[in-house]
Amino acid sequence: MKITIIGGGGRVGSCAAFALQCGGLVSELQLLDANKDMAEGEALDLLHGSAFAGDQRIYAGDYSRAADSDMFLITAGLRRKPDESRLDLINRNVALFVQILESIRSAGFRKEAHVFVVSNPVDILTHLAGQRLGLPWQQVYGLGTMLDTSRFSSFIADELKLAPTQVKALILGEHGDSMVPIWSSATVNGLPLTGLPDCNAGFQNAVFERTKGSGAEVIKKKGGAGWAVALAIRDVIHAVLLNKKALLPVSALVQRTYDINDICLSVPSIVGRKGIERQVEIKLWPKEQMALQQSARALKDTFAKVKA
């Protein structure tokens, strides 16, 4: 699989490239960035470690060399400010994103190519990518709440002194202010988390609020997320590459799941070689389903204001 990382000279793009290099499954990585020197520097740094990591081709390039890519991973964007919601980024990021999409169209792309959006606000930009590129909706998806889900599960494990890899707890909906914690299906090694005495309502509220604020916290302390988001990106790409049929909370155009339609947000989705194989309507608590529908309405209201 050949992946072109648009924004490969930035923090998220370069961290993603490193995670994919260490994963050893992607055969070719092209780094593309408006700052050509940064893309070339990151590609060179990764190349220096290739003898210890894997046998991938790694290089900096341009849109013309991206035309035969199996996947366009878009991480380019303006950074969120500490006190700014992801949706506040729309008017600052849409123009840049549309330019990227036009560059992809002008240079050409394979009809089987996937477009994987990480740039924020990811749900809005994923919707735009689907509209502008004309690819089947299954091949255009965003990172959605994958990072939120990882943060959520990791915080639960940290607070309850559990093994992080045994905690499975989803965040669905918008990657942003209206995200929805799914406690109804949260488990530790297959057992319900809500059955633990310490996992009471107060704990649930506290850990979810910590999850919601963690993006702004990491921006304030180190300038932006990098390593955790790179691992989330790697997991989605490996699910595609290995045709895993993995159930993941990625963002894509919702097709009547939970009575939601015609907006991109995260619902339980089976991810494989064709992209989004299908969206799965697993039973939620009534309050969770209502919150998910409210998240969809909030995103639709925002998308209606987008000038693109």
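Hydrogens, waters and symmetry mates are skipped; everything else that's a heavy atom, side chains included, is used.
Taking all atoms of both residues into account, the shortest heavy-atom contact from G130 to V140 is N-CG1, 3.7 Å.
Remark: E102 pairs with V98, R105, R132 by the side-chain contact (heavy atoms from CB on, under 4.5 Å) rule, at least two apart or across chains. In this structure N200 satisfies the side-chain contact (heavy atoms from CB on, under 4.5 Å) test together with F203, sequence neighbours excluded. Taking the side chain to side chain donor-acceptor pair (under 3.5 Å) definition, one finds that T187 meets it with nothing, sequence neighbours left out.
Between K36 and E40, no side-chain nitrogen of the basic residue sits less than 4.0 Å from a carboxylate oxygen of the acidic one, so the salt-bridge criterion is not met. The pair E281-R256 does not meet the salt-bridge criterion, since no charged nitrogen lies less than 4.0 angstrom from a carboxylate oxygen.
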Could you give the side-chain donor-acceptor pairs of residues 5-26 under 3.5 Å, partners two or more places apart or in another chain?
unit_1, atom_1, unit_2, atom_2, d
R11, NH2, K222, O, 3.0
S14, OG, G10, O, 2.6
S14, OG, R11, O, 3.2
Q21, NE2, L46, O, 2.8

For residues 57-68, which side-chain N or O atoms pair as donor and acceptor with protein atoms under 3.5 Å away, sequence neighbours left out?
unit_1, atom_1, unit_2, atom_2, d
R57, NH1, E28, OE2, 3.2
Y59, OH, K2, NZ, 3.3
Y59, OH, E28, OE2, 2.6
D62, OD1, S64, N, 3.2
D62, OD1, S64, OG, 2.6
D62, OD1, R65, N, 3.0
D68, OD1, K2, NZ, 2.5

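When the shell of 6.0 Å around CZ of R297 is examined, it contains more than 12 heavy atoms from other residues, nucleotides or ligands.
Checked by atom type and distance alone, the side chain of T145 never pairs as donor or acceptor with a backbone atom of S266 at under 3.5 Å. Under the 3.5 Å distance criterion, the side-chain polar atoms of E288 are matched with a main-chain donor or acceptor of W285.
V250 and L231 are not part of a single hydrophobic cluster, where members link through side-chain heavy atoms under 4.5 Å apart.
Each ring-ring contact (aromatic ring centres under 6.0 Å, His included) pair with one or both residues in residues 118-145, not counting sequence neighbours, appears once here: H114-Y141, F116-Y141, H127-F303.
Considering CG of L193 and OG of S184, their distance stands at 11.5 Å, rounded to 0.5 Å.
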